[in-house]
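I have placed the structure first, in the form of structure tokens, so that the comments after it can refer back to it.
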Amino acid sequence: MKIKWALLTILFTIATVLTGCDNPLMVLDPKGPVAATQADVIMISIWTMAFVVLVVMVLYIFMIMKYRASKQRDDYEPPHIEGSKVLEIIWVAIPILIVAFLSVVTVKTTNEVEATPKGYGDQEPLIIYASSSNWKWHFSYPEEDIETVNYLFLPTNRPIEFKLYSFGPISSFWIPQLGGQKYAMSDMVNTLHLAADVPGEYMGRNSNFSGSGFAQQTFNVNVLSPEDYDKWVDEIKATAKPITEEKFNELLKPGHVGQSTYTGTHLEFSPAPEGENAGHDHGSSDTEENDSKDSHEEHSEHSNMNHDH
Amino acid sequence: MKELFPRGQVMGFAFSLVLTLVALSVIMFDLSLKMAMIILLVTAFMQAALQLVMFMHAGESEDKASIYTNVYYGLFVALVTIFGTMLTMIWGYQ
Amino acid sequence: MDYFDRFAVPHPSPAIYASMVAIGLTMIAVVAGITYFKKWGYLWREWLTTVDHKRIGIMYILAALLMLFRGGVDALMMRAQTAIPDNGLLDGQHYNEVFTTHGVVMILFMAMPFIIGLMNIVTPLQIGARDVAFPRLNAVSFWLFFMGAMLFNISFVVGGSPDAGWTSYFPLASNDFSESVGSNYYAIAIQIAGIGTLLTGINFIVTILKMRAPGMNLMKMPMFTWSILITNFIIVFAFPVLTVALALMTMDRLFGTQFFTMANGGSDMLWANLFWVWGHPEVYIVILPAFGIYSEIISTFARRNLYGYNSMVISMVAISTLSFIVWAHHFYTMGHGAMVNGIFSITTMAIAVPTGVKIFNWLFTLWKGKIVFTVPMLYSLAFIPIFTLGGVTGVMLAMASADYQYHNTMFLVAHFHYVLIPGTVFAVLAGFTYWWPKMFGFMLSEKIGKWSFWFITIGFNVTFFPMFITGLDGQARRMYTYSESTGYGPLNMLSFVGAIGLAIGFALIVYNIYWSTRYASRNISNDPWDARSLEWATHTPIPEYNFAIVPTVDSTEAFWDAKKKALNYLAVK
Amino acid sequence: MKIDNSLPLEYSTEENRLKIFGFWIFLGAEIALFATLFATYFVLVDGTGNGPTGEHLFKLPTLMFQTIFLLTSSFTIGLGINAMRLGRQKATIGFFIITLILGLGFLGVEIYEFVEYVHEGATIQTSAFLSSLFTLLGTHGAHVTLGLFWEPSSSCRSKSAV
């Protein structure tokens, strides 16, 4: 039974890796409330499922050890057994209970991660427009009126709402240590709620395949204390150049561009596809944070621009 | 001559014309969208059932049970595809 | 675009030229060989124009094995490229084509035809029929599949392989971002093969429902036949969705329609939605027959009847229904609210219940049995724990809130390989070994078979288990490279080592076929495994009409019962 | 060939029974096919882009004609089969011809409708809404067309059976 030993060894290694604190796996090393919720859900599901695997493995090992032909008499005739109502009801009922339990956990936590993180409700969220283009990320801070490319600065202890959309293929915005991912698409804006508790530098990336430069479509996330964050904003405002439409169109061309910083945001001349700019209407409104005075004409220009690759 | 026009089929035809008129009335009278959709869906389903039973002889062969199972399963998949797609593509973003 | 550009390789690389030369040389060798041995007439009469379900089945399996190696080479290239950080073996574009073709080939041109091949050979025999309901249509299905597969495979020689992933998400797969013709081959080749599959679905439903031996009512059918019946219902209702989706894709790419475009009202999400409305049932299309195969093999080699026959049938019907209402779990992160994601989480997790029923029924089929560890049985037994891991990680992925962290990561890649390799590949290998003597009149070597089994099973775990870990450590799928600082290097190297083990295992299977064809004894009985269902009741080699006298059936294991009563069943032997 | 006279004509041989049953299964696939096209249409119906909307395009009379043609044709083909089972050759052929004409009428109106749309600047490439509309109607039209070719060929065969 080499395979079982191999499996057990691997499982053991995993367990040590999961619990060992030296170099914990990113997803299980949360630095914000959303990622923490998700790590909890993952651990709950791992333990529940470990129980299921254990039951199956015990039965399995028992069956193949005890009933192998080499351990039976030569003339042993296995009996004809139709089944057992009681046993079959048990292995329907228990999985239903497990699934019901996990369903409750899922529904509760899904609602949680889709809202402003708990304990942050009293604060005004920091809204950041995160848009992708082949193969980079543009971050617009309307509140601060600045824009960065391929890196993010975030304050701790403040709820953050990312408004996600794309100037090209579907991309997925993901900062594993702050929380799960969501798609950025060309014809609508998705909202991702995150928050960071611990200052530090984290990895962010596009995790949805989007063409040949996809592997390097990453960005740095710098989480700072609110004071340091304000300092950083002031510094940008003092030193960076304003973003112009030409400059932005230059940036949109496929390729890798490294990091850069601007004052102003591209939302002024190239608004996000939300509200009246949305590609298709999903019934009721996404909240209108975007107060640019764009007209439909501008929007159609914008979508044509998407198209002219 | 009479045997060429079986009563059932003539009645079925008349009924399907009535159903069409009902469906058309939705456009004639300015009904609310919800009402209109309900009427259209109900008449469309009755129409489809009528065609299957009356004119396509769904129930006359030895495979009646299999044929009905197949059609019901098809309808289940159709409803799931249509309403599921509406749910994931439109209604799910409220 | 220049006329020539449509047919030229857009970015030639030595590997592509080498493959072109290899394909050319192989074709010349095959043609020359057939001519030299004067086999053209035989080939044409006995194989290319055959409508015999057994021969069509063998051709399906042959094509599937070829495709297994094509997809396997792709897999090896991927693992080799990612084995070390910042590796330059393949560039981004080439890597994208490799994983795209790996996915399409393995699912549609390996798993599907392998299963359809086994179903062609076995189903009519198991129900005591002389052929399928529409033999000529059956041949048409095969040739549609085969032409689709070939069209897809030559795409990289004549125009460039598709490069937008096997899911071909829009707008990435639109003319704007996928300028080469590869995605056109994707749309058209899969369409052709898919129509063949749809016709197979209709053919086998009619065969199973209308042509069973007298006395074999539905609840006396062998479990494999049951699984095939249900699979074909899923095919008939899921494949039209693919037909439509691919047609819309073709029109978008070739005729300028606006279904999935970024402007003029198109919806890229609609493609993802339609793809998975078909794509999720598709998963069960390749897994349910495997469940049938395992049911046959486990009960044969535990020397016992299948435990809980009724609940096995009910659970498969339940899975087939559930398979149509879970597809949105493939795109929880597309932005629907918690309500939609909650609903689809629950329906998805619900599949664990009928699947669990099957696992426990198999375990209890072993209970009080007399287990013989033949090669088919080894695959079936290895399936249980590995598939359980695949299943429980599936439940983990089904939980929407947590899925935001697994989506698009190597964790997901590990999960579906843990489901599809034991769930489909092990099953077709087991079935192939199990029914081989019935097809060809000799057994495959058990010794070589066991070696390949251990290479495949251990190699598989070594390849895919590390991906659970790198996934949780933030490695996204489909990345052709990563930097050393990520720390993904060692585990990816381990995966590569495992992949080599898998490759050796598959090479041993080929060697086994060669060895056994040359040296195995031709002197075997009609029922070498001491099996239980009707396909073993007829002669080996199977006469063209299958059964001289159509057998009468009065239990789920008619052949076994007849053997026990020492009846000279069907006047065999 | 073994012919069973207790059943309606079409079911009299095993081969025909298999074919009719297979056709029913195929109809199941057709349900899924049209459901997908409808789902596509419902999702994209508001995706009019810069093109015209449905309200702008649809006209009641053409809709009326198409519906009546189709309903009547399924009625007359039903009568045709009834006549065939009664062995009334002339009546059978008569009903079949009426059915053919009705089918052609439907196609005529549909083609007229398409030409009108294109004249108003509504082509299959204009917007997602129109792509889905043309595809849905076109697929249906293609089915009617196939039926038009199939009907005469199968009635020729059944004529020889009568």
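To find a chain, count down the sequence lines: A is the first, B the second, and so on, and within it residues start at 1.
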Verify the distance criterion only: is there a donor paired with an acceptor across the side chains of [X] and [Y] at less than 3.5 Å?
| X | Y | result |
| --- | --- | --- |
| C/D561 | C/S555 | yes |
| A/T191 | A/K163 | yes |
| C/S311 | C/N361 | yes |
| A/Q181 | C/T333 | no |

Using heavy-atom distances under 4.5 Å, tell me whether [X] contacts chain C through its side chain, its backbone, both, or neither.
| X | answer |
| --- | --- |
| A/E112 | neither |
| A/V92 | both |
| A/F209 | both |
| A/T109 | both |
| A/Q217 | neither |
| A/N134 | side chain |
| A/W174 | side chain |
| A/L87 | side chain |

If you draw a 6.0 Å radius around CG in A/D74, do more than 12 non-hydrogen atoms from other residues or ligands fall strictly inside?
->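 No - once you tally the heavy atoms of other residues, nucleotides and ligands closer than 6.0 Å, there are 12 at most.
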For A/F51, does the CZ atom have more than 12 heavy-atom neighbours from other residues, nucleotides or ligands under 6.0 Å away?
->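 It does not: A/F51 CZ has 12 such atoms or fewer within range.
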What option among [options] has the most heavy-atom pairs under 4.5 Å with chain A?
| options | answer |
| --- | --- |
| C/G308, C/G92, C/S315 | C/G308 |
| C/Y480, C/F364, C/Y169, C/Y309 | C/F364 |
| C/N96, C/N310, C/T388 | C/N96 |
| C/M396, C/K368, C/R478, C/M399 | C/K368 |

Decide if the gap between the ring center of C/Y418 and the ring center of C/F460 is smaller than 6.0 angstrom.
->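 Yes, the ring of C/Y418 comes within the 6.0 Å limit of the ring of C/F460, centre to centre.
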Quick one: are the ring centres of C/F383 and C/W362 less than 6.0 Å apart?
->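 Ring-ring flag for C/F383/C/W362: true, centres closer than 6.0 Å.
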A/V107, A/I44, A/I42: which one forms the most heavy-atom pairs within less than 4.5 Å of chain C?
->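 Of the candidates given, the most pairs with chain C belong to A/I42.
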Which one, A/E82, A/H80, A/E114, leads in non-hydrogen pairs under 4.5 Å with chain C?
->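 Looking at each option in turn, the highest pair count goes to A/H80.
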Got a list of side-chain donor-acceptor pairs under 3.5 Å for residues 334-353 of chain C, not counting sequence neighbours?
from, atom 1, to, atom 2, distance (Å)
C/H336, ND1, C/N341, OD1, 3.2
C/N341, ND2, C/Y332, O, 3.1
C/N341, ND2, C/Y404, OH, 3.0
C/S345, OG, C/Y332, OH, 3.2
C/S345, OG, C/N341, O, 2.8
C/S345, OG, C/A398, O, 3.0
C/S345, OG, C/A400, N, 3.3
C/T347, OG1, C/I325, O, 3.1
C/T347, OG1, C/I343, O, 3.4
C/T347, OG1, C/F344, O, 3.1
C/T348, OG1, C/H329, ND1, 2.8
C/T348, OG1, C/F344, O, 2.5

Residue by residue, which of residues 30-39 of chain A have a heavy atom closer than 4.5 Å to a heavy atom belonging to chain C?
->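 Hits under 4.5 Å: A/A35, A/Q38.
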